Amino acid sequence: MTLADEAIAWYAVNARDLPWRQPDTTPWGVLVSEVMLQQTPVVRVEPAWRSWMTRWPTPAALAEDPPSEAIRMWGRLGYPRRAMRLHACAVAIVERHGGAVPSALDQLLALPGVGTYTGRAVATFAYGQRHPVVDTNVRRVVCRAVEGKPDAGPATTAADLTAMEELLPDDEARAAQASIAFMELGAIVCTARSPKCVDCPFHDVCAWRLRGEPLPEGPSRKPQRYAGTDRQVRGLLLEVLRHATGPVPRQRLDMVWQDEVQRARALAGLVEDGLVERLGGEDFVLAGDAPQ
DNA sequence: AAGGCGTGGGT
DNA sequence: TACCCAAGCCT
């Protein structure tokens, strides 16, 4: 049994029952789930995905509504630029591909918000193609099981794709199963902290375990702070705008943060990023929410 | 090519 | 309590 075989057998028994894994899920549904799952935990994505797919079952449906509606529906999933990019993605799918999510990897990668991971995930999980699909879970699993190191490096590199490629079965369908199985393994067994090695199908062959599960050496990555950053201010500003039914005067936005310089910088950033529009005077709305 | 970009739950 | 972490992308 290869690692892929072990993982596939384990997945068949242990996979979580997630809505986007239902066999009737469309490629659009897969794409939406992948974008939502970029840096947001499954438990928070699940209800959001259901609501989104009910309201916008197709790219064309989303493309007909303004970006502001997508930003509102995004709610508190975080990184709301993803909502805007998903909307832009829907528009591009309608314009370039007649409303059908493309199956070719290069066309997927050309869509807004679709990067190395997401493009391969859609090509693989929605269309059953054979591609290495490497996310943070896969990197960690491969790194431990194959290389015997406690944790993977920071970025997805060509080397990561090559490493996973070599583990994939030749058969398309089984290759796709292997990728989702490795991801699931990393998500619920081979976790970043306190991995559950007793439950792992790689228990007897994992290079990291056989080495005695050494701790990571050297200084850990510098923690990214949130409190007091522009990101927090942007979040507060956006929270106000999401709930507004009409244009919001600057006075109202000024209430969310004391530091005037930082507040202005955060608001300008939101406008710069296309999430927010400034109307004629000192009024602001979510992008696409301008009256008339 | 580091660093910016939200949010909330776990330890 | 303060981190740490969660199916990344973009510049």
Side-chain angles (χ1 to χ4, degrees), chain A residues 11 15-16 18-21 29-49 71 74-86 88-89 108-126 131-142 151-158 160-161 164 176 179-188 190-195 216 219-242 256 262 265-266 268-270 272-276:
Chain A
Y11 181 81
R16 290 168 294 179
L18 302 175
W20 48 87
R21 288 180 179 170
V30 173
L31 174 55
V32 171
S33 76
E34 295 300 346
V35 173
M36 287 184 169
L37 287 163
Q38 293 169 4
Q39 305 282 277
T40 302
V42 165
V43 285
R44 286 166 55 204
V45 165
E46 212 173 320
W49 183 85
I71 295 167
W74 197 256
R76 303 185 66 80
L77 288 182
Y79 293 144
R81 292 194 290 195
R82 290 182 293 162
M84 200 184 50
R85 288 181 183 144
L86 197 46
C89 197
L108 285 165
L109 292 172
L111 296 171
V114 176
T116 303
Y117 163 74
T118 303
R120 289 162 180 279
V122 172
T124 300
F125 304 139
H131 298 285
V133 181
V134 178
D135 71 336
T136 185
N137 290 309
V138 172
R139 291 217 324 280
R140 185 172 54 249
V141 171
V142 172
D151 278 303
T156 297
T157 66
D160 294 325
L161 291 176
M164 187 59 204
S179 285
I180 192 68
F182 269 68
M183 288 176 59
E184 190 77 343
L185 207 44
I188 67 184
C190 192
T191 50
R193 281 181 295 182
S194 51
S220 60
R221 292 189 293 268
K222 56 186 72 172
Q224 64 170 356
R225 186 91 17 244
Y226 178 66
T229 61
D230 285 5
R231 273 156 66 200
Q232 183 183 16
V233 183
R234 288 167 60 112
L236 293 170
L237 291 169
L238 225 40
E239 176 68 1
V240 171
L241 289 161
R242 270 201 302 267
V256 307
Q262 189 175 25
R265 188 172 63 226
L270 289 171
E272 175 77 16
D273 290 348
L275 284 158
V276 171

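The structure presented is a predicted model; accordingly, all values stated were derived computationally and were not measured. Just so we're on the same page: letters track the sequence lines, and every chain starts at 1.
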Rounded distance in Å - [atom1] ([X]) to [atom2] ([N]):
X      : N     : atom1 : atom2 : value
A/E34  : C/dA6 : CD    : C1'   : 14 Å
A/M183 : C/dA7 : CE    : C1'   : 4 Å
A/D151 : C/dC5 : CG    : C1'   : 11 Å
A/N137 : C/dA6 : CG    : C1'   : 9 Å
A/M164 : C/dA7 : CE    : P     : 15 Å
A/Y79  : B/dC5 : OH    : P     : 9 Å
A/D160 : C/dA7 : CG    : C1'   : 15 Å
A/I188 : C/dA6 : CD1   : P     : 14 Å

With the criterion being N/O to N/O and under 3.5 Å, what pairs connect the protein with nucleotides 9-11 of chain B, and how long is each?
none

Taking any heavy-atom pair under 4.0 Å as a contact, classify [X]: base, sugar-phosphate, or nothing.
X      : answer
A/L18  : base
A/R139 : nothing
A/R140 : sugar-phosphate
A/L238 : nothing
A/R265 : nothing
A/A192 : sugar-phosphate
A/W20  : base

Among residues at least two apart in sequence or on other chains, which ones pass side chain to side chain donor-acceptor pair (under 3.5 Å) with [X]?
X      : value
A/E184 : A/R16, A/R21
A/Y79  : none
A/R234 : A/D273

Quick one about A/R82 and A/T40 (side-chain donor to acceptor, distance below 3.5 Å, no hydrogens or angles considered), yes or no? yes
Notebook entry, point to check: Taking atom types as modelled, is there a side-chain donor on A/E34 or A/Y117 under 3.5 Å from an acceptor on the other?
Noted result: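 Indeed, the side chains of A/E34 and A/Y117 share at least one donor-acceptor pair under 3.5 Å.
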B/dG6, C/dC3, C/dA7: which one has an atom nearest the side-chain heavy atoms of A/R225?
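Selected nucleotide: C/dC3.
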**Asked** From the list B/dC5, B/dT7, C/dA7, which nucleotide is the closest neighbour of the side chain of A/R242?
**Response**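 Nearest listed nucleotide: B/dT7.
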Taking it one step at a time, do A/D160 and A/V142 satisfy side-chain contact (heavy atoms from CB on, under 4.5 Å)? CA-CA 9 Å; A/D160 294 325; A/V142 172; over 6 Å; no
Is A/Q39 close enough to C/dA6 that one of its side-chain N or O atoms is under 4.0 Å from OP1 or OP2 there? no
What pairs of nitrogen or oxygen atoms, one from the protein and one from nucleotides 9-11 of chain C, lie under 3.5 Å apart?
| from | atom 1 | to | atom 2 | distance (Å) |
| --- | --- | --- | --- | --- |
| C/dC9 | OP1 | A/G115 | N | 2.9 |
| C/dC9 | OP1 | A/T118 | N | 2.9 |
| C/dC9 | OP1 | A/T118 | OG1 | 2.6 |
| C/dC9 | OP2 | A/Y117 | N | 3.3 |
| C/dC10 | OP1 | A/G113 | N | 2.8 |

ask   = Between A/V240 and A/V256, is a side-chain contact (heavy atoms from CB on, under 4.5 Å) present by the stated rule, with each step listed?
value = CA-CA 9 Å; A/V240 171; A/V256 307; 3.6 Å; yes
List the atom pairs, with distances to 0.1 Å, where a side-chain N or O of residues 134-141 of chain A and a protein N or O form a donor-acceptor pair under 3.5 Å, not counting sequence neighbours.
| from | atom 1 | to | atom 2 | distance (Å) |
| --- | --- | --- | --- | --- |
| A/D135 | OD1 | A/N137 | N | 3.2 |
| A/D135 | OD1 | A/V138 | N | 2.9 |
| A/D135 | OD2 | A/N137 | ND2 | 3.2 |
| A/N137 | OD1 | A/R140 | NH2 | 2.8 |
| A/R139 | NH2 | A/G153 | O | 2.6 |
| A/R139 | NH2 | A/P154 | O | 3.1 |
| A/R140 | NE | A/C190 | O | 2.7 |
| A/R140 | NH2 | A/G186 | O | 2.8 |
| A/R140 | NH2 | A/C190 | O | 3.3 |

Considering only the C1' atoms, how many Å lie between C/dA6 and B/dA1, rounded to the nearest integer?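 These two C1' atoms come out 23 Å apart once rounded.
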Rounded P spacing from C/dA7 to B/dG4 in Å | 22 Å
Taken to the nearest 0.5 Å, the spacing of A/I180 CD1 from A/L18 CG works out to 8.5 Å
Could you go step by step and tell me if A/F125 and A/M183 meet the side-chain contact (heavy atoms from CB on, under 4.5 Å) rule? CA-CA 12 Å; A/F125 304 139; A/M183 288 176 59; 3.9 Å; yes
Does A/R231 make a side-chain donor-acceptor contact with the base of B/dG6, cut-off 3.5 Å?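 Pair found.
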Q.
I want to check something: taking the side chain as every heavy atom from C-beta on, are A/E239 and A/R76 in contact at a cut-off of under 4.5 Å?
A.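 SC-SC contact between A/E239 and A/R76 confirmed.
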